[in-house]
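To start, the structure under review is shown below, and the notes come after it.
Each chain gets a letter, A, B and so on, in the order its sequence line appears, and its residues count up from 1. Since this is a predicted model, take the numbers as computed values, not measurements.
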Protein chains: 2
Amino acid sequence: MAAKRSDARGKRPQRISEWLQPVHEPRSEPPLSRDRIVVTAVELLDAQGVDGLTMRRLADRLGSGVMSLYWHVDNKEDVFDLALDSVLEYRGPQQIAQDWRGEVVHMLEDWRASMLRHPWSASLLPRRALGPNILSRLELLSKTLSRAGVADADVNVAIWSLWNYVMGATITRASFDLSDDDRAAAQQRLTRLSERYPTIERSRLLLDNDWDGAFRKGLGFLLDGLSPR
Amino acid sequence: MAAKRSDARGKRPQRISEWLQPVHEPRSEPPLSRDRIVVTAVELLDAQGVDGLTMRRLADRLGSGVMSLYWHVDNKEDVFDLALDSVLEYRGPQQIAQDWRGEVVHMLEDWRASMLRHPWSASLLPRRALGPNILSRLELLSKTLSRAGVADADVNVAIWSLWNYVMGATITRASFDLSDDDRAAAQQRLTRLSERYPTIERSRLLLDNDWDGAFRKGLGFLLDGLSPR
DNA sequence: CACCGACTCGTACATAGTACGAGTCGGTAT
DNA sequence: ATACCGACTCGTACTATGTACGAGTCGGTG
C-alpha cells in the first residue's frame with residue numbers, strides 16, 4: 001500500500017557535486033502526490049481510454065519525470081487500481097431509508113451512472129481486485145436488503161444477483177456503445193450482422209434509445225423476483 | 001476479416017539470391033493456419049492468462065517466425081477476438097424445448113461454464129466487440145423467450161437482463177477467484193478487509209463453497225420476475 | 001523459362017514499464 | 001558549522017513488446 005516510503009532505501013548520497021547549478025529546473029507545478037497522480041490518471045483515462053494511459057504521458061501531464069511517479073505508486077497496475085476506486089466513491093445517503101426498494105434502485109443507478117461517466121472503468125473492473133469503495137457499496141446494499149426482510153438465507157444470493165446485474169448491464173452498455181473502433185465501423189458491422197441475427201437487431205434498435213429505461217425495468221423484474229412474498 | 005491475402009501486395013521479389021542454401025530450415029510443424037493460431041492462442045491464454053499471450057510466444061509454440069502470424073491475422077487484437085469467439089461456441093440443442101424455463105437455464109449455465117473454463121474470456125469480453133458466437137447465443141435466447149410467452153414489449157429487456165446477469169456473475173466469479181495475485185495475497189487482503197466489511201465477508205464465505213448454486217438460485221429469482229403472470 | 005501469388009521470416013524501429021543509483025533539499029543532532 | 005538522514009526527483013539504460021518493411025522460398029501456370 002504505502003509506496004517506497006516504507007522501504008529501506010538507506011543509500012547515502014555522495015556529494016561529489018561537480019556542477020553548481022541545481023540539476024532539476026525549479027518546479028512550476030505543485031509537488032507530486034498520490035492524489036494528484038490519481039486525479040490526472042482519471043483525466044487521461046477519460047480522454048484517451050485504457051490504452052491512452054502510459055506512465056510517460058502521465059508524468060508529462062504532471063510536469064514531472066517519469067520515475068518520480070514510482071515514489072508514490074508501486075507500478076502501473078497500482079495506478080489503475082487507484083483510478084478505478086476513486087471513480088466509484090459513493091456519495092449517496094449512508095443511512096437506510098424507509099422505502100428499501102427505492103433505496104436499492106437509487107444506489108444501483110448511481111453505481112451504474114458512476115461507471116458510465118468513465119467508460120474505461122467498466123472494462124477495467126473485471127481485471128482488478130475489489131477496492132474499498134466497491135466493497136462499501138456492497139456492504140451498504142447488503143445491509144439494506146437485510147433489513148428489508150429478504151429471507152436471511154437469500155440475502156447473499158440477492159446481493160450477488162443485483163451486483164451481477166449492474167456489472168453486466170454497465171459493461172454491456174459500455175462495450176456496445178463505444179467499442180474501440182470508430183462509430184462508423186461499428187455501425188457497419190452491426191448492420192451486416194443484422195441479416196443473420198434479426199431478433200438481436202430488433203431488440204438492439206428498441207433498446208438503443210432508452211438504455212436507462214431498460215436498466216430500470218430489468219432491475220424491476222429482478223427486484224420482483226427477490227422481494228419477499 | 002481476410003488477412004493480407006486480399007491486400008494489394010504486388011511487390012515483385014527481386015532474385016538477387018546470393019546464397020544457395022534455403023534461408024528457412026525445413027518445417028517440422030504443419031503449416032500455419034488461422035485455426036492453428038487460434039487454438040494455440042487459447043492454450044497459451046489458458047496457461048498464462050491475458051498478459052501471457054505475446055506474438056513471440058505464440059510463434060514459438062507454433063514453431064514459426066513471429067511475422068508469419070501476420071499473414072493469417074491482422075494484429076494481436078484480432079487474435080484476441082478470434083480466441084474469445086472460439087471459446088464461446090454453443091454446442092447445445094439448437095431447437096426450442098417444451099420447458100422453456102429449463103431451456104433458458106441450461107443455455108445460460110452452459111454459457112457461464114464455457115467462460116469459466118477459460119477465465120481470461122470473462123475479462124476480455126467487455127473490451128472486445130461481440131463475435132458471431134455470442135450473437136448466436138443471444139439470438140437463440142431471444143427466440144426462446146419470445147415463444148415462452150414473455151410479453152412482447154418485455155422480451156428485449158428480458159434478454160438483456162439475463163445477459164447482464166450471466167456476464168456479471170461470470171466476471172465477478174472470475175475476478176474474485178483468481179485475481180492476478182497469488183492465492184495467499186488475495187486471501188490475506190480479504191481477511192484484512194473483512195474487519196471493515198463484515199456483511200460482505202459473511203456472504204462471501206457463504207457463497208464461497210457454492211458459486212454454482214448461487215448462480216442458479218439468483219437466476220431463478222430473475223426468471224421469477226420475468227415470468228408472465 | 002518467365003512470372004505470379006501464397007506464404008515465411010529476419011531485421012529494425014518505436015514505444016512500453018521500470019530497476020538503478022545519483023542528485024537535491026530541508027531538517028536535526030552534534 | 002558540520003555531518004547526516006530521510007523524503008523525494010529524475011536521467012539513463014535495459015528488457016519486452018507489437019509490427020512495418022521487404023527479401024526470400026516454393027509450387028504452379030502461361
A:K76 side chain: which of D:dA20, C:dA16, D:dG11 is closest? C:dA16

Rounded interatomic separation in angstrom, taking CZ from B:R36 and P from C:dC7: 14 Å

Residue whose closest nucleotide on DNA chain D lies nearer the 5' end, B:N75 versus A:V66: A:V66

Where B:D210 and B:G213 come nearest, the two heavy atoms and their spacing: OD1-N, 2.9 Å

Take atom CD1 of B:I37 and atom C1' of D:dT19, then tell me their distance rounded to the nearest Å. 14 Å

Looking at the base of C:dA16, is there any donor atom on it, or on the side chain of A:R56, that sits under 3.5 Å from an acceptor on the other one? yes

Please determine if A:R117 and A:D46 form a salt bridge, counting it only when a charged side-chain N lies under 4.0 Å from a carboxylate O. no

Which residues satisfy the salt bridge (charged side-chain N to carboxylate O under 4.0 Å, His left out) test with B:D110, sequence neighbours excluded? B:R137

Which angle, to the nearest 10 degrees, lies between the helix axes at the two ends of the helix from C:dC1-D:dG30 to C:dT30-D:dA1, each defined by five pairs? 30°

Point-to-point distance, once rounded to the nearest 0.5 Å, from CZ of A:R112 to CG of A:L219: 10.0 Å

Rounded off to whole Å, could you give me the CG-to-P distance for the A:L69 and C:dT18 pair? 11 Å

Would you kindly give the CG-to-C1' distance between A:L32 and C:dC25, to the nearest whole Å? 15 Å

Specify the separation, in whole Å, of atom CG of A:D51 and atom C1' of D:dG18. 12 Å

May I ask you to evaluate whether A:H72 reaches the phosphate of D:dT9, defined as a side-chain N or O under 4.0 Å from OP1 or OP2? yes

So which nucleotide from D:dT9, C:dT18, D:dT19 ends up closest to the side chain of A:W71? D:dT9

Could you state the atom-to-atom distance from CG of A:L62 to C1' of D:dT9 in whole Å? 13 Å

Can you tell me which nucleotide in C:dA16, D:dC21, D:dG18 comes closest to the side chain of B:M67? D:dC21

Round to the nearest Å and state the distance from A:D74 atom CG to C:dT18 atom C1'. 12 Å

Less than 4.0 angstrom between a side-chain N/O of B:S68 and OP1 or OP2 of C:dC9, yes or no? yes

The residue among A:D60, A:L58, A:V79 that forms side-chain contact (heavy atoms from CB on, under 4.5 Å) with A:T40 is A:L58

What residues, two or more places apart in sequence or in another chain, satisfy salt bridge (charged side-chain N to carboxylate O under 4.0 Å, His left out) together with A:D81? A:R128

Expected output: side-chain A:Y165 to main-chain A:F215 donor-acceptor under 3.5 Å: yes

How long is the line joining CG of B:L53 and P of D:dA16, in whole Å? 17 Å

Of the candidate nucleotides D:dT9, C:dT8, C:dA16, which contains the atom at the shortest distance from the side chain of A:R57? C:dA16

